[in-house]
Amino acid sequence: MASRSSRFLCGALALAVAGSAYRSARTVSRTRLVVPLHRAAPGRDFPPPVTAVVPARDEAAVLDACLRGIRRQTHGGELRIVLVDDGSTDGTGDIARAHAAVDPRLAVVRVDGPPPGWTGKVHAMHTGVEHAGTSGEWLLFVDADTVPAPDLLERLLATAEAVDADLVSTPAGPPAGHSVTWPLLMPPGLQLIGENAAPDGRGRRAFAIGHCILIRRSYYEKTGGWAALAARRNEDVAIATAVRDHGGTTRVVDGLDHVTTSGMDPFARGWASFRKSFVAGAGNSVPVLVGGGLGQIALSLAAPAAVLTGVRTRTPALAGLGLLGWAAQGLAHERAARLMRANRLLAPLAPLTGALFGGVLLDGAVRALRGASTWKGRA
């Protein structure tokens with residue numbers, strides 16, 4: 001009986017390691033699909049007009065740097081900025097109005113939360129576009145906790161032109177003195193998101209990052225805009241997928257050296273941000289979150305468990321397979337960490353960081369079960 005149980009355990013571990021290695025290989029291949037950020041062509045005439053929309057709710061601590069960055073954009077074309085104060089209770093509105101007082105390109109719109117059937121951020125972005133009217137050949141959506149470099153917009157436009165894309169999106173890089181969110185949670189988080197959405201838009205869903213999205217207005221209108229996605233909480237992936245499904249081209253680009261975010265720091269906030277995203281992606285389903293969390297932990301720890309079991313049972317093949325699986329996890333972690341500007345030296349700890357991220361999903365399941373899944377005071 002013991003021998004049969006041992007064979008069953010070895011077989012189960014071997015299958016789990018194989019599954020983990022397959023996931024790692026997909027991560028490596030998908031990180032290669034991220035487009036490098038292009039430089040603007042010298043002497044380009046008539047840069048397209050752009051409307052930038054910034055949804056902001058209680059962002060007084062970070063908004064000044066964000067607005068300064070947007071106002072300093074060097075793309076050379078017409079730029080209009082709409083800041084939507086989404087029911088803030090701090091000094092967000094005051095900071096925005098102070099910028100508007102010295103920059104006529106900036107308009108401030110106040111809303112007191114979303115109407116029934118809308119999520120807060122989606123409604124705020126919709127309000128910004130509606131306030132801007134028909135201005136802007138391109139629409140730029142930027143989170144208030146990001147700081148764009150002066151040449152970000154011109155580079156995004158140049159990249160969209162170079163790869164013939166109708167929507168480009170970039171993750172934001174870490175700020176100076178960032179927390180351990182970046183080396184511990186970013187690589188496994190990116191891996192999980194990338195398994196369900198493709199950077200080149202060719203998967204089941206198209207990948208996009210809500211920190212910074214540039215979309216051609218004509219395709220925004222073809223999709224029905226944010227109104228068509230009113231209740232969606234994973235709005236970034238949803239808008240990219242909608243553009244793709246309406247015949248457009250979407251790409252994730254590497255602009256992390258040109259925009260940073262403080263929204264993932266400190267660690268507790270980064271944990272909560274990932275939890276919110278995955279609860280939204282799972283549609284608040286407790287079984288999906290529990291299954292995903294336990295599966296993430298099991299697949300992450302399979303390789304070291306196979307090594308230990310192979311040594312204990314004197315099964316060199318299993319131990320060798322475990323080492324190969326562990327190496328594959330480390331390579332995937334290193335590639336994802338390199339992309340996200342996180343510490344790559346933690347790659348050997350990939351099984352542990354992967355298991356840690358399983359805890360994010362289980363935490364989301366607990367909060368969904370209790371009906372306590374909130375973000376900035378809203379359900």
Side-chain angles (χ1 to χ4, degrees), residues 37 48-75 77-86 88 92-93 95-96 99-100 103 105-109 111 120-132 135-160 165 167-175 208-217 220 225-226 235-240 243 250-264 273 277 376:
L37 201 62
V50 177
T51 292
V53 176
V54 184
R57 176 170 168 79
D58 293 337
E59 299 286 7
V62 295
L63 183 59
D64 182 69
C66 175
L67 291 179
R68 288 182 186 277
I70 296 174
R71 289 173 52 203
R72 291 171 178 167
Q73 291 304 300
T74 59
H75 90 293
E78 178 186 343
L79 175 63
R80 187 173 184 183
I81 310 163
V82 182
L83 183 288
V84 182
D85 177 5
D86 183 16
S88 298
T92 293
I95 293 170
H99 279 269
D103 192 335
R105 300 175 300 170
L106 173 59
V108 180
V109 183
V111 294
K121 182 179 179 181
V122 172
H123 179 252
M125 292 188 292
H126 167 77
T127 300
V129 176
E130 292 298 297
H131 181 83
S135 66
E137 180 181 337
W138 289 84
L139 299 171
L140 175 68
F141 298 97
V142 182
D143 282 358
D145 56 18
T146 63
V147 180
D151 61 345
L152 174 66
L153 178 54
E154 65 179 273
R155 284 176 174 267
L156 288 175
L157 288 167
T159 306
L167 180 150
V168 292
S169 170
T170 179
I209 302 291
H211 287 135
C212 180
I213 296 176
L214 180 69
I215 178 172
R216 199 184 302 272
R217 177 182 279 274
Y220 174 83
W226 293 120
E235 72 287 335
D236 44 11
V237 169
I239 191 70
V243 168
T250 70
R251 291 289 184 271
V252 175
V253 304
D254 181 359
L256 283 88
D257 293 328
H258 298 269
V259 58
T260 61
T261 180
S262 58
M264 305 303 290
S273 181
S277 296
K376 295 191 176 182

**Request:** Check step by step if ring-ring contact (aromatic ring centres under 6.0 Å, His included) holds for Phe141 and Trp226.
**Result:** CA-CA 12 Å; Phe141 298 97; Trp226 293 120; 5.4 Å; yes

From [X] [atom1] over to [Y] [atom2], what is the distance, rounded to the nearest 0.5 angstrom?
X	Y	atom1	atom2	value
Arg57	Thr92	CZ	OG1	9.5 Å
Ile213	Ser169	CD1	OG	4.5 Å
Leu67	Asp103	CG	CG	9.5 Å
Leu37	Asp257	CG	CG	9.0 Å

Within the distance-only criterion (no hydrogens, no angle test), does the side chain of [X] pair as donor or acceptor with the backbone N or O of [Y] below 3.5 angstrom?
X	Y	result
Thr51	Ser135	yes
Thr261	Ala172	no
Thr170	Gly255	yes
Arg217	Gly136	yes
Thr250	Ala240	no

Under the salt bridge (Lys or Arg N to Asp or Glu O under 4.0 Å) test, which residues partner [X], sequence neighbours left out?
X	value
Arg68	Asp64
Asp254	Arg341
Arg80	none
Asp151	Arg155

Please report the shortest heavy-atom distance between [X] and [Y], naming the atom on each side.
X	Y	answer
Val82	Ala132	CG2-CB, 4.2 Å
Leu106	Ala96	CD2-O, 3.8 Å
Leu156	Val168	O-CG2, 4.0 Å
Val108	Ala100	CG2-CB, 4.0 Å
Ser273	Met264	OG-SD, 3.6 Å
Leu83	Ala56	CD2-CB, 4.0 Å

If we only count heavy atoms from C-beta on, is the [X] to [Y] side-chain gap below 4.5 Å?
X	Y	answer
Leu157	Trp138	yes
Val50	Glu137	no
His123	Val111	yes
Glu235	Met125	yes
Asp145	His211	yes

**Asked** Run the side chain to side chain contact (heavy atoms under 4.5 Å, CB included) check on Leu167 and Arg216 step by step: do they pass?
**Response** CA-CA 6 Å; Leu167 180 150; Arg216 199 184 302 272; over 6 Å; no

**Asked** Do you see a donor-acceptor pair shorter than 3.5 Å between the side chains of Thr74 and Glu154?
**Response**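 A pair is found: one side chain offers a donor N or O, the other an acceptor, under 3.5 Å apart.
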
**Given Asp86, Asp236, Asp143, the one that forms side-chain hydrogen bond (donor to acceptor under 3.5 Å, both in side chains) with Lys121** =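 When side-chain hydrogen bond (donor to acceptor under 3.5 Å, both in side chains) is applied between Lys121 and each of Asp86, Asp236, Asp143, only Asp143 qualifies.
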
**Request:** Identify, with sequence neighbours excluded, every residue that meets ring pair (Phe, Tyr, Trp, His ring centres under 6.0 Å) alongside His126.
**Result:**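 Applying ring pair (Phe, Tyr, Trp, His ring centres under 6.0 Å) to His126 gives Trp118.
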
**Message:** According to side-chain hydrogen bond (donor to acceptor under 3.5 Å, both in side chains), who are the partners of Ser262, at least two apart in sequence or on a separate chain?
**Reply:**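 With sequence neighbours excluded, Ser262 shows a side-chain hydrogen bond (donor to acceptor under 3.5 Å, both in side chains) to no residue whatsoever.
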
**Message:** Testing Leu140, Ile70, Val142 one by one against Leu153 for a side chain to side chain contact (heavy atoms under 4.5 Å, CB included), which residue passes?
**Reply:**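 So the option named by the test is Leu140.
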
**Residue pair Ser88, Asp85: steps toward the side chain to side chain donor-acceptor pair (under 3.5 Å) verdict** = CA-CA 6 Å; Ser88 298; Asp85 177 5; 2.7 Å; yes

